[in-house]
Amino acid sequence: MPGFVYVVDDDASFRMAIQRRLKLAGYEVVTYASAQQLLDDPPGSSHPGCILLDVQLPGLSGPELQTSLLQCRSPLPIVFLTGHADTATTVRAIKAGAEDFLTKPVSSEQLIDAIERAMAQQEAVRSQQSKLDSLRSRLTSLSRRERQVFDLIVRGKINKQIAYELGTTERTVKAHRHQVMTKMQVLSFAELVSAAERLGLLDSEKA
């Protein structure tokens, strides 16, 4: 899986060695000698990538950089690679969302496997977000009346009940219902309910 790996490590010889290994595996590699360097020149997020991060760094530590990136809502997954592993640090890093925690020395196979899994997870999240953004866009394309019909449909109301609540005719409701299905790009009631659930609209109806 092609992509960028951003290596943050204060050991120059290690950075050179890991850069060579990753480039041989087909990755683009950017290296940083400190956490602050990465924050000063943050990596892009428009392409697959992950951060390979040491724990003990001059200035800002690896876990502290992880916290900063979380606060900045960075979408890049983090794989820790350190010669100073301990259980407490590992647990905290994983709980904070790190994809993996590796200990030096690490085999090329183990390293590449961790990077590939991190990038695959990033792509899955990106895909889900893209689908959700598309659903939101379709929802905003509904007219005010169509949105009212949508909200009542996904609550299980039949056309007759909707017509009564909105003070209109069943025939008009059927027309709006058809438009809702078309604009939301669904073929069935079940798909429409699923879309509403993914958009978080059914929870507020239950509240």
Check your understanding: Which pairs pass salt bridge (charged side-chain N to carboxylate O under 4.0 Å, His left out) with one or both residues in residues 11-23, sequence neighbours excluded?
Key -> none
Revision key, fill the gap. For residues 156-170, the salt bridge (charged side-chain N to carboxylate O under 4.0 Å, His left out) pairs (sequence neighbours left out) are Lys157-Glu165
Considering non-hydrogen atoms only, spot the tightest contact between [X] and [Y] and give its length.
| X | Y | result |
| --- | --- | --- |
| Cys50 | Met119 | N-CE, 3.9 Å |
| Leu70 | Ala96 | CD1-O, 3.4 Å |
| Pro77 | Gly49 | CD-O, 3.2 Å |
| Pro58 | Ser34 | O-CB, 4.4 Å |
| Arg147 | Leu201 | NH2-CD2, 3.7 Å |
| Ala114 | Val79 | O-CG2, 4.1 Å |

Exercise for review: Go through the steps to decide whether Phe14 and Leu81 satisfy the test side-chain contact (heavy atoms from CB on, under 4.5 Å), and finish with yes or no.
Suggested key: CA-CA 11 Å; Phe14 174 80; Leu81 176 57; 3.5 Å; yes
Point to revise | Spatial distance of atom CG (Leu152) from atom CZ (Arg177) [nearest 0.5 Å] | key: 10.5 Å
**Study point:** Between CD on residue Glu116 and CG on residue Leu111, distance to nearest 0.5 Å
**Key:** 10.0 Å
Could I get the full list of side-chain hydrogen bond (donor to acceptor under 3.5 Å, both in side chains) partners for [X], not counting sequence neighbours?
| X | result |
| --- | --- |
| Gln36 | Asp40 |
| Lys104 | Asp9 |
| Glu146 | Ser143, Lys183 |
| Thr31 | none |

Is there a side-chain contact between [X] and [Y], using heavy atoms and a 4.5 Å cut-off?
| X | Y | answer |
| --- | --- | --- |
| Thr89 | Pro63 | yes |
| Thr90 | Asp86 | no |
| Gln110 | Leu102 | yes |

Exercise for review: Determine which pairs satisfy side-chain hydrogen bond (donor to acceptor under 3.5 Å, both in side chains) with at least one residue from residues 63-72, sequence neighbours left out, and list them in order.
Suggested key: Ser61-Glu64
For [Y], does its backbone N or O pair with a side-chain atom of [X] as donor and acceptor, under 3.5 Å?
| X | Y | result |
| --- | --- | --- |
| Ser141 | Arg138 | yes |
| Glu123 | Pro48 | no |
| Gln161 | Ile158 | yes |
| Thr182 | His178 | yes |

Practice item. Starting from Leu53, walk the hydrophobic network (Ile, Leu, Val, Met, Phe, Trp, Tyr; side-chain heavy atoms closer than 4.5 Å) and list everyone else you reach, by chain and number. Key: Phe4, Tyr6, Val8, Val30, Tyr32, Leu38, Leu39, Ile51, Val55, Leu57, Leu60, Leu65, Leu69, Leu76, Ile78, Phe80, Ile94, Phe101
Practice item. Using the test side-chain contact (heavy atoms from CB on, under 4.5 Å), find all partners of Asp41 that sit at least two apart in sequence or belong to another chain. Key: none
Review point. Are side-chain N/O atoms of Thr169 and Thr172 paired as donor and acceptor at under 3.5 Å?
Key: yes
Check your understanding: Going by atom types alone, do Gln129 and Arg126 pair a side-chain donor with an acceptor below 3.5 Å?
Key -> no
Exercise for review: Identify, with sequence neighbours excluded, every residue that meets salt bridge (Lys or Arg N to Asp or Glu O under 4.0 Å) alongside Asp113.
Suggested key: Arg117
Point to revise | All salt bridge (Lys or Arg N to Asp or Glu O under 4.0 Å) counterparts of Arg198, not counting sequence neighbours | key: none
Check your understanding: Should Leu22 and Met16 be regarded as members of a common hydrophobic cluster, given that ILVMFWY residues are connected when their side-chain heavy atoms come within less than 4.5 Å of each other, either directly or indirectly?
Key -> no
Exercise answer: donor-acceptor pairs, residues 184-194 side-chain atoms, under 3.5 Å, sequence neighbours excluded:
residue	atom	partner	partner atom	Å
Ser188	OG	Glu191	N	3.2
Glu191	OE2	Leu187	N	3.2

Exercise for review: Could you go through the side-chain contact (heavy atoms from CB on, under 4.5 Å) check for Leu135 and Leu139 one step at a time?
Suggested key: CA-CA 6 Å; Leu135 274 180; Leu139 186 68; over 6 Å; no
